[in-house]
Number of protein chains: 2
Amino acid sequence: MATIYEVSSLAGVSLATVSRVINNNARVSDKTRQKVEKAMSELGYRPNSIAQSLASNCTNSVGILVSELHGPFFGQMMAGIEAELRAAGKHVIITPGHSEEDKEKEGIDFLISRNCDALIIHVEGLTDEYLIELSKGKTPIYFMSRIIPDLKENCIYLDNELGGYLATKALIEHGHTNIAYIGGPQFKPDSQNRLTGHKRALAEHKIPFNDTLYVEGDFKETGGKKGLKHFLNAKTPFTALVCANDEMASGAMTYAREHDFSLPKDLSIIGFDNIIFSRHIYPKLTTINNPVDEMGKMAAKLVLKNVYHHKDLIINHSFDPALIERDSIAYLGK
Amino acid sequence: MATIYEVSSLAGVSLATVSRVINNNARVSDKTRQKVEKAMSELGYRPNSIAQSLASNCTNSVGILVSELHGPFFGQMMAGIEAELRAAGKHVIITPGHSEEDKEKEGIDFLISRNCDALIIHVEGLTDEYLIELSKGKTPIYFMSRIIPDLKENCIYLDNELGGYLATKALIEHGHTNIAYIGGPQFKPDSQNRLTGHKRALAEHKIPFNDTLYVEGDFKETGGKKGLKHFLNAKTPFTALVCANDEMASGAMTYAREHDFSLPKDLSIIGFDNIIFSRHIYPKLTTINNPVDEMGKMAAKLVLKNVYHHKDLIINHSFDPALIERDSIAYLGK
DNA sequence: TTGTAGGCGTTATCAC
DNA sequence: GTGATAACGCCTACAA
């Protein structure tokens with residue numbers, strides 16, 4: 001591979017001048033610039049990014065930690081981040097944290113040891129305290145789908161409370177008043193806030209919150225099945241069900257169908273996240289849109305602005321969910 | 001950040017010795033090793049991976065090109081590759097090619113310019129010739145889900161013909177003889193081979209292949225819808241449908257239900273790939289397992305063996321698909 | 001505008 | 001077994 005040195009001697013200029021045309025950050029006369037460019041193309045010269053990184057102390061790489069590499073939710077998130085970053089010539093190093101404290105720590109260490117210029121992480125197992133401590137290090141860290149009060153400027157998050165509110169409100173507007181709720185793991189703030197929104201919608205319509213119509217799930221298909229089973233056994237009547245994410249909604253649908261419910265007539269169900277397959281399942285799932293791809297892009301912009309000094313980027317830290325109406329909610333009595 | 005130089009002076013040894021204990025590739029006396037290790041931990045020393053890369057001409061990174069960052073198929077693939085590689089301390093740089101020739105080229109260039117030690121790519125828009133030419137460069141390239149005859153040792157692939165055969169055979173064994181087929185884009189060898197397998201199963205059971213019961217799809221949901229619509233309009237009777245992937249099967253199911261088919265009674269459907277949501281849709285989709293995660297791991301092993309000289313890894317280049325029986329096939333007449 | 005020279009933090013090749 | 005010292009390929013004051 002040709003080096004900058006060979007280019008300089010072929011072009012008859014110095015190393016420094018070649019470097020200048022590569023980075024075009026200093027004035028070079030048109031004439032010499034052309035000589036250099038000609039030499040570069042003749043040699044098929046490509047800058048060695050490793051050497052650039054060592055000398056400039058900038059790797060042009062940002063580390064991404066997601067819970068899983070597969071799965072619709074993180075897929076959208078990664079796609080959003082990567083697209084935005086790559087358009088700026090940066091690359092992503094992606095690693096999964098599996099929602100476990102140890103693995104998340106390890107993943108972060110791994111990314112930092114790779115000299116990433118910044119990290120964008122979605123962690124669920126780590127405490128705010130740990131993350132605040134981490135942020136004192138030399139690598140800037142940004143947080144997806146999480147609010148850390150002391151680091152709010154580094155966070156991109158969804159208004160989950162609003163989402164929970166919208167979901168339940170949609171059900172109420174279809175005439176339902178006996179509404180069951182399968183929540184996410186309550187150690188996750190997202191789950192808590194969605195539930196809070198649910199309660200607000202109920203309160204706003206003078207519907208009392210009924211403890212027997214709430215159960216905590218696991219954000220997975222089985223959580224939906226178990227949750228619905230629990231409610232059915234409990235015998236408290238209900239005509240509608242909100243699931244704190246789409247996977248659980250899908251599980252609940254499967255369970256309902258296995259028990260001869262005709263959907264949505266016998267039970268209205270609403271999900272949360274609007275993951276891709278929500279429109280593939282039957283009946284097509286009414287849900288709350290979670291704009292993860294946009295949020296991913298915004299996180300990338302945040303990095304571009306703060307770390308790579310791209311000016312003129314406007315940052316929104318908070319995103320709003322929205323109702324996606326499809327076929328899984330029926331009017332009560334219809 | 002502490003450097004190797006500071007460690008050496010604190011430990012009272014030379015640079016070279018510190019380097020030796022870091023890489024433990026040469027004999028160092030226990031006594032000096034301990035001195036060095038003590039100094040390292042006292043200083044909180046972490047080797048600078050960039051400098052290591054420059055000096056050793058090895059970045060410990062492998063570039064991954066997939067068609068999409070989201071989507072169940074590539075999610076599994078990435079997860080498999082990453083898990084295996086990271087266990088060996090390597091990291092992945094992932095970038096999407098969007099199945100388009102230009103973007104795939106660009107993505108590969110991008111990865112190579114990042115000095116990846118090797119590439120694992122899943123490309124659909126690039127020709128064998130181009131890839132063979134590319135393989136003459138200094139970066140070793142491995143191919144997922146593709147057979148390039150001249151580069152077979154660098155390929156990990158599925159026996160798609162067998163998969164196509166198994167799908168149609170399953171239908172036949174349920175009594176079906178009028179079987180429609182929605183294929184994938186025929187410029188893709190995968191699609192061609194699945195179709196070939198379909199024909200073999202038919203021939204083996206003396207069922208003639210009927211042109212009017214074949215249509216080419218796009219591997220997406222809409223392809224399934226359009227395909228089924230086409231068959232329904234054509235009026236050639238059929239009782240079963242094989243779709244060359246699960247997305248199309250899902251689309252076909254949706255379309256069938258919109259036209260008042262009771263599934264699987266009125267129409268048996270089988271998919272291909274066994275992507276995650278195939279078990280979420282209703283009825284649960286019978287399909288052909290495509291072990292992408294295992295194939296991803298194997299591709300990673302191939303890199304570990306050939307590029308990073310891990311001995312004793314056994315490589316399987318070819319993987320077999322298998323039938324996954326669920327609920328979307330009915331016995332004919334039942 | 002252009003050139004010189006030192007430095008980025010390691011690894012690797014020699015001697016000893 | 002250990003220590004100098006020259007790469008690795010580029011960036012960036014500083015000088016001219």
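All chains are named by letter (A, B, ...) in the order of the sequence lines, taking the proteins before the strands, and each is independently numbered beginning at 1.
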Under 4.0 angstrom between B/Ser14 side-chain N/O and D/dT2 OP1 or OP2: no
Distance test, side-chain N/O of B/Thr32 to OP1/OP2 of D/dT2, below 4.0 Å: yes
Residue among A/Glu124, A/Glu104, A/Lys103, A/Glu68 satisfying side-chain hydrogen bond (donor to acceptor under 3.5 Å, both in side chains) with A/His98: A/Glu68
Polar contact flag, side-chain donor to acceptor under 3.5 angstrom, A/Arg114-A/Ser61: no
Parallel, tilted or perpendicular: ring planes of A/Phe74 versus A/His122, cut at 30 and 60 degrees: perpendicular
Separation of atom CG in B/Asn60 from atom C1' in C/dG9, rounded to whole Å: 16 Å
B/Asp30 CG to D/dG1 P, straight-line distance once rounded to whole Å: 10 Å
5′-ward residue of the pair A/Asn25/B/Arg27 relative to DNA chain D: B/Arg27
Do any N or O atoms of the protein come closer than 3.5 Å to N or O atoms of nucleotides 7-10 of chain D, and which pairs are they?
{"residue": "D/dC10", "atom": "OP1", "partner": "A/Tyr45", "partner atom": "OH", "Å": "2.6"}
{"residue": "D/dC10", "atom": "OP1", "partner": "A/Asn48", "partner atom": "N", "Å": "3.0"}
{"residue": "D/dC10", "atom": "OP2", "partner": "A/Ile4", "partner atom": "N", "Å": "2.5"}

Sugar-phosphate only, base, or nothing, as touched by A/Val18 at under 4.0 Å among non-hydrogen atoms: nothing
A/Tyr45 to A/Ile22 - nearest heavy-atom pair and separation: OH-CD1, 3.5 Å
Intermediate values then yes/no, side-chain contact (heavy atoms from CB on, under 4.5 Å), A/Ile141 and A/Asn154: CA-CA 7 Å; A/Ile141 305 184; A/Asn154 287 13; 5.7 Å; no
Heavy-atom neighbours of B/Lys297 NZ exceed 12 at 6.0 Å: no
